[in-house]
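Quick one: structure below, then a few questions.
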Amino acid sequence: MSFSFADKTLRCRECDRDFVFTVGEQEFYASRGFTNEPGRCPECRANRRIQSGEGGGRREMYPAVCAECGQQTQVPFLPRGDRPVYCSSCFDKVRSYQ
Ligand SMILES: [Zn+2]
Ligand SMILES: [Zn+2]
């Protein structure tokens, strides 16, 4: 199978603007094994990355004690003591009560 790359104009599904999927990006995608084209322009992709908190490496985790079962757990925020903290299995349980 052989195919050659050429700049492609795609439409962003987020902001509905046209953007260029360049040869360089296509080669990058292909080298990573991605087979689909990007659905969003570089700007919207960057915005999403910021919103989802990626790009800064690992999320910091804090040790906590589950208010339900008393087990040690880790939470992605600093427990302040004014709200109960649950381990992931109790969190699911507690949430299903509501
Ligand atoms: Zn966009
Ligand atoms: Zn628990």
Side-chain angles (χ1 to χ4, degrees):
M1 175 173 111
S2 89
F3 57 97
S4 59
F5 295 112
D7 281 1
K8 249 187 230 184
T9 303
L10 301 174
R11 173 144 302 176
C12 174
R13 73 165 89 109
E14 193 111 342
C15 65
D16 214 27
R17 277 187 306 200
D18 288 344
F19 67 97
V20 178
F21 187 32
T22 64
V23 170
E25 287 173 305
Q26 291 173 47
E27 283 172 348
F28 175 75
Y29 265 61
S31 74
R32 303 279 292 261
F34 297 151
T35 51
N36 20 2
E37 296 171 339
R40 292 178 181 82
C41 68
E43 234 172 275
C44 288
R45 264 177 273 158
N47 285 343
R48 281 174 68 86
R49 222 167 293 147
I50 292 164
Q51 280 165 15
S52 60
E54 284 174 35
R58 246 165 51 83
R59 235 199 311 182
E60 202 160 348
M61 299 295 281
Y62 299 91
V65 176
C66 174
E68 182 79 9
C69 68
Q71 273 189 49
Q72 285 282 343
T73 184
Q74 296 219 315
V75 292
F77 54 90
L78 186 63
R80 296 213 321 254
D82 57 352
R83 271 194 303 170
V85 173
Y86 303 105
C87 65
S88 55
S89 57
C90 289
F91 183 76
D92 289 340
K93 220 166 38 175
V94 168
R95 209 173 33 174
S96 68
Y97 294 156
Q98 293 162 353

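For ligands, and for the atoms within them, numbers begin at 1 and follow the listed sequence. Atoms considered below: every heavy atom in the structure, side chains included; atoms not considered: hydrogens, waters and symmetry mates.
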A side-chain contact here means heavy atoms from C-beta on lying under 4.5 Å apart; do Pro38 and Arg45 qualify?
yes
Mind jotting down which residue pairs meet the ring pair (Phe, Tyr, Trp, His ring centres under 6.0 Å) criterion with at least one end in residues 13-34? Sequence neighbours excluded, please.
Phe21-Tyr29, Tyr29-Phe34
Residues Pro79 and Pro63: closest non-hydrogen pair is CG-O, 3.9 Å
Candidates Arg13, Lys8, Arg11 - the one meeting salt bridge (Lys or Arg N to Asp or Glu O under 4.0 Å) with Glu37
Lys8
Return the minimal non-hydrogen interatomic distance between Cys66 and Thr73, and the atom names on each side.
N-CG2, 4.1 Å
Note on the Zn ion (ligand 1): protein N/O/S atoms within less than 2.8 Å are Cys12 SG, Cys15 SG, Cys41 SG, Cys44 SG
Provide the closest heavy-atom pair for Val65 versus Gly70 in the form atom of the first, atom of the second, distance.
CG1-O, 3.6 Å
Angle subtended at the Zn ion (ligand 2) by SG of Cys66 and SG of Cys69, nearest 10°:
110°
Is it the case that the side chain of Glu68 and the backbone of Cys87 share a donor-acceptor pair, with hydrogens and angles ignored and the cut-off at 3.5 Å?
no
Just to the nearest 10 degrees, tell me the angle at the Zn ion (ligand 2) spanned by Cys87 SG and Cys90 SG.
100°
